Asker: 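Here it is, the structure, as structure tokens.
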Amino acid sequence: MDNGARSYRRFRDDGDENGLIEIIRDYKDGLILYLNNFVSNLNTAEELAEDTFVLLGIKKPKDKEMGSFKTWLYTIGRNVAIDYLRRNSKRREIPLENSPELISEELSLEASYIKEESKLLVQQSIKKLKPEYMQILWLVYFENFSNKEAALIMKKSVHSIETLAYRARKSLKTQLEMEGFVYEEL
Amino acid sequence: MKNYNEMANDVLRKIEEHKINEKKKRKVIKRVVIPVCCFCIISLIGVGLWQGDFLKTKPPVSLDDSTIIGEKDWIDEIESEDTAWEEDLSSEYTVSNIVIQSNKAQESKFDVEMTVNVSTVDKNGNANMYKTEKLPLSAEHITLEIINKNDEISIVCSGFWRLEKLVNGKYTEVASANREANSGCGPNSSCFVFFEMEDYREAISEGKYRIISPTLNIAKSTENGLVDYYYQNEKQFIIYKEFEIVE
């Protein structure tokens with residue numbers, strides 16, 4: 001599987017819009033949920049994901065071939081999210097976390113993307129962790145990225161990622177136990 | 001939440017909008033930058049011309065029958081306004097001489113002031129040396145470069161090859177005169193036979209330029225035109241270069 005690289009090349013080199021549409025179809029949900037870990041707002045995450053695809057369409061950057069296309073796409077998404085947070089660091093937003101519509105949308109998206117019930121339970125607990133832990137656990141646990149790929153996306157060394165992942169798991173374990181789950185069973 | 005089709009449509013629409021905006025920006029930039037560049041270039045050229053005095057033209061006053069080739073044969077109008085030059089032109093004949101003076105022949109470089117000697121000439125073509133006036137030819141100073149190589153001296157006057165030839169010839173004559181003076185001729189002796197008036201007249205009649213004075217100082221001209229040279233300082237010399245001016 002080429003992880004969308006072929007679709008992207010078709011779009012970049014031949015101007016085939018279907019290539020971009022395929023990428024959006026394949027990666028939209030995962031990217032939104034990943035970016036949600038940064039901004040904690042599903043609508044904003046959706047906009048950022050859209051911005052990421054627009055950026056891909058405007059700049060048509062060349063794949064550096066450091067990892068898979070998916071790794072590269074998530075790296076771009078992360079940069080877009082960081083830019084957004086930097087721009088809005090001085091602007092206070094009213095949190096919409098409690099909006100029932102948004103919560104239900106988020107849950108349904110998670111349900112459709114994650115599918116496994118056990119993982120869905122873990123995802124709910126992950127949301128209560130630090131953003132960095134949320135990000136690493138999302139990448140490794142839900143997106144099945146290797147430590148090396150996660151390191152590329154988060155722009156950290158592999159060793160740092162390993163340490164971060166260890167601490168995140170530990171923190172998750174504590175969180176799950178607090179909520180009455182048994183970590184080993186999940 | 002948008003489904004992937006909606007999002008794809010939005011993404012493609014935004015890409016199109018971005019392309020249109022870019023085109024507009026490029027058009028605006030072209031519309032602004034090209035006139036600004038043209039204006040800057042024209043301004044630069046204008047300033048260059050203005051600073052370079054290209055706009056100031058000096059119409060030359062040509063001297064009829066000037067036979068000096070490659071040499072300045074005109075004078076600025078302003079310079080000739082209040083001089084005897086015009087008076088001499090109205091007289092029957094006028095002879096003008098370019099006089100080059102220097103007291104430092106042995107130095108590697110020295111300035112030469114160029115002047116015009118204006119005097120009347122009698123009907124036989126003899127210059128009346130008593131009524132000679134020196135007029136500045138121009139404000140500029142010509143630099144002569146004296147090259148001393150193996151005791152052979154050559155004089156370089158960039159841009160004035162005729163003058164250069166003249167000065168070199170004069171230097172040779174001075175050196176020759178010095179040699180003769182050192183070998184027995186006294187300073188007041190008439191050893192400079194080749195500068196007698198006959199030679200001078202011949203040169204005038206042939207229309208050649210003639211150095212009439214190899215003097216080590218200003219020559220005294222006698223009434224009949226013979227030159228009685230007075231030796232004073234071997235490092236001083238005056239060169240007379242002549243040309244005839246018809247009415």
Side-chain angles (χ1 to χ4, degrees), chain A residues 4 7-8 10-12 14-33 35-36 39 41-61 73 76-77 80 96 99-113, chain B residues 1-60 109 139-140 143 145 147 156 158-159 161:
Chain A
S7 303
Y8 178 64
R10 229 169 58 225
F11 167 70
R12 190 189 66 194
D14 308 332
D16 183 5
E17 289 180 350
N18 289 328
L20 188 63
I21 293 169
E22 283 168 22
I23 292 167
I24 295 170
R25 183 193 63 203
D26 295 345
Y27 297 111
K28 174 179 96 67
D29 293 345
L31 189 63
I32 291 172
L33 288 171
L35 295 177
N36 192 33
V39 292
N41 183 311
L42 199 67
N43 280 343
T44 310
E46 193 181 5
E47 280 170 21
L48 292 177
E50 199 174 301
D51 288 348
T52 307
F53 294 124
V54 171
L55 197 69
L56 215 61
I58 291 169
K59 304 276 181 191
K60 292 184 179 175
L73 180 70
I76 296 171
V80 170
L96 294 171
S99 159
E101 277 180 22
L102 207 63
I103 290 170
S104 70
E105 272 186 3
E106 192 175 333
L107 287 173
S108 68
L109 180 67
E110 282 169 354
S112 69
Y113 190 71
Chain B
M1 281 287 294
K2 297 172 187 173
N3 62 34
Y4 86 89
N5 251 331
E6 287 169 338
M7 185 177 268
N9 286 336
D10 282 353
V11 167
L12 292 173
R13 183 179 47 78
K14 281 184 180 175
I15 291 170
E16 277 306 306
E17 280 173 4
H18 181 268
K19 280 180 185 172
I20 291 165
N21 283 339
E22 282 293 302
K23 273 186 184 174
K24 276 183 187 172
K25 269 186 194 173
R26 240 174 272 152
K27 271 187 182 177
V28 170
I29 288 169
K30 271 186 187 174
R31 214 179 298 154
V32 172
V33 167
I34 291 172
V36 167
C37 281
C38 288
F39 176 76
C40 288
I41 289 167
I42 290 167
S43 304
L44 283 173
I45 291 169
V47 169
L49 288 173
W50 178 46
Q51 293 292 323
D53 284 344
F54 283 102
L55 302 174
K56 292 178 186 173
T57 50
K58 291 180 180 176
K109 276 188 178 182
E140 69 181 307
T143 302
E145 193 181 349
I147 298 170
V156 180
S158 320
W161 64 271

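Computed from a predicted model, the values in this text were never measured in an experiment. As a basis for the values below, the full set of heavy atoms in this structure was taken, side chains included, without hydrogen atoms, waters or symmetry mates. Numbered from 1 within each chain, the chains take letters A, B, ... in sequence-line order.
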Asker: Taking the side chain as everything from C-beta on, heavy atoms only, tell me whether A:D26 gets closer than 4.5 Å to B:Y4.
Answerer: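 No, their side chains stay 4.5 Å or more apart.
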Asker: Measuring heavy-atom distances to chain A, does B:N9 have an atom under 4.5 Å in its side chain, in its backbone, in both, or in neither?
Answerer: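 For B:N9, neither part sits under 4.5 Å from chain A.
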Asker: Could you give the distance from CD1 (A:I24) to CG (B:N3), rounded to the nearest 0.5 Å?
Answerer: 11.0 Å
Asker: Are B:L12 and A:E17 packed together at the side-chain level, in the sense that at least one heavy-atom pair is separated by less than 4.5 angstrom?
Answerer: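 Contact flag for B:L12/A:E17 side chains = yes.
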Asker: What distance do A:L31 atom CG and B:M7 atom CE have between them, rounded to the nearest 0.5 Å?
Answerer: 8.0 Å
Asker: Taking side chain as everything from C-beta outward and backbone as N, CA, C, O, which of these in A:L56 sits under 4.5 Å from a heavy atom of chain B? Side chain, backbone, both or neither.
Answerer: neither
Asker: Are more than 12 heavy atoms, taken from residues, nucleotides or ligands other than A:K59, located less than 6.0 Å from that residue's NZ atom?
Answerer: no
Asker: Quick check: do B:V11 and A:K28 have side-chain heavy atoms less than 4.5 Å from each other?
Answerer: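 Counting from C-beta outward, B:V11 and A:K28 never come under 4.5 Å.
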Asker: Counting only non-hydrogen atoms closer than 4.5 Å, does A:I21 touch chain B with its backbone (N, CA, C, O), its side chain (CB onward), both, or neither?
Answerer: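 Backbone plus side chain of A:I21, per the 4.5 Å heavy-atom cut-off to chain B.
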Asker: At what distance, to the nearest 0.5 angstrom, does NE2 of B:H18 lie from CD1 of A:I58?
Answerer: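 Between B:H18 NE2 and A:I58 CD1, I get 4.0 Å after rounding to 0.5 Å.
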